[in-house]
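This report refers to the structure that appears directly beneath it.
The figures that follow rest on heavy atoms only: side chains count, while hydrogens, waters and symmetry mates do not.
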Amino acid sequence: MANELPGGRGLGAWRSLLRAHATLMRQLETDLEQQTGLALADYDVLAQLAIAGGELRMMELANRALISRSGMTRRIARLVDEGLVRRSETTVDGRGVVVALTDGGVARLAETLPAHARGIAAYFVSRLDDQELALLEHALGKVTVDCTFG
């Protein structure tokens with residue numbers, strides 16, 4: 001690593017980012033499941049659909065939720081079984097699959113959103129001041145990579 005990161009520049013920041021991400025996500029996942037019974041990845045799928053106006057093509061949903069297409073297919077099948085989303089062929093070209101929130105999915109999202117927001121507030125926002133939050137948003141925006149998950 002020393003040859004690739006001369007003087008170890010950035011290694012401490014990198015390790016801190018990995019540790020913060022892993023521990024925050026683990027705690028948010030645990031809390032959400034305990035408080036609502038919904039997995040964090042399922043919440044994210046429902047939230048991404050809501051943000052997009054209620055429906056997305058499967059590939060776009062996988063990209064937004066940072067889940068592989070095969071992983072998304074399994075997750076959507078389960079959410080369909082639970083009545084939270086519906087899946088249909090796209091009417092535009094007949095080749096794509098569209099996933100849409102159901103009324104049950106909207107209700108489930110509305111039930112779980114407060115618990116998730118409380119977790120973000122408690123474990124993340126409350127521990128940083130406004131300047132630190134702005135700096136972190138700016139810095140992470142500079143290193144976010146545009147990619148798709150296949």
Please tell me if the side chains of [X] and [Y] come closer than 4.5 Å, counting only heavy atoms from C-beta onward.
X: Leu133; Y: Phe124; answer: yes
X: Ile76; Y: Val85; answer: yes
X: Ile120; Y: Val125; answer: yes
X: Leu40; Y: Met25; answer: yes

Can you tell me how far [atom2] of [Y] sits from [atom1] of [X], rounded to the nearest 0.5 angstrom?
X: Ser16; Y: Leu11; atom1: OG; atom2: CG; value: 9.5 Å
X: Ile67; Y: Met58; atom1: CD1; atom2: CE; value: 10.5 Å
X: Tyr123; Y: Arg118; atom1: OH; atom2: CZ; value: 10.5 Å
X: Leu46; Y: Leu61; atom1: CG; atom2: CG; value: 9.5 Å
X: Asn63; Y: Arg57; atom1: CG; atom2: CZ; value: 12.5 Å
X: Gln48; Y: Met72; atom1: CD; atom2: CE; value: 8.5 Å

For residues 66-90, the ring-ring contact (aromatic ring centres under 6.0 Å, His included) pairs (sequence neighbours left out) are none
Which ring-ring contact (aromatic ring centres under 6.0 Å, His included) pairs, counting each pair once, include a residue from residues 20-46, with sequence neighbours left out? Tyr43-His116
Backbone of Val97 reached by a side-chain donor or acceptor of Arg87 within 3.5 Å: no
Using only atom types and a distance under 3.5 Å, with no angle test, would you say the side chain of Thr102 pairs donor to acceptor with the backbone of Arg86? no
Pairing residues for [X] by the side chain to side chain contact (heavy atoms under 4.5 Å, CB included) criterion, not counting sequence neighbours:
X: Asp129; answer: Gln131, Glu132
X: Thr36; answer: Leu32, Leu38, Arg108, Thr112, Ala115
X: Ala134; answer: none

Do other residues, nucleotides or ligands put more than 12 heavy atoms under 6.0 Å from the CE atom of Met59? no
Asp103 atom CG, neighbour heavy-atom count above 12 within 6.0 Å: no
Output every pair passing salt bridge (Lys or Arg N to Asp or Glu O under 4.0 Å) with a member in residues 22-45, not counting sequence neighbours, ordered by first then second residue. Asp42-Arg75, Asp42-Arg78
Heavy atoms only: give me the nearest Ala52-Arg64 pair and the separation to one decimal. CB-NH1, 3.4 Å
Membership question, hydrophobic clusters at under 4.5 Å side-chain separation (ILVMFWY): are Ile51 and Leu109 in the same one? no
Report yes or no: do Leu24 and Leu135 belong to one cluster of Ile/Leu/Val/Met/Phe/Trp/Tyr joined by side chain heavy-atom distances under 4.5 Å? no
Determine, stepwise, if the pair Val99 / Leu56 fulfils side chain to side chain contact (heavy atoms under 4.5 Å, CB included). CA-CA 6 Å; Val99 179; Leu56 285 168; 5.9 Å; no
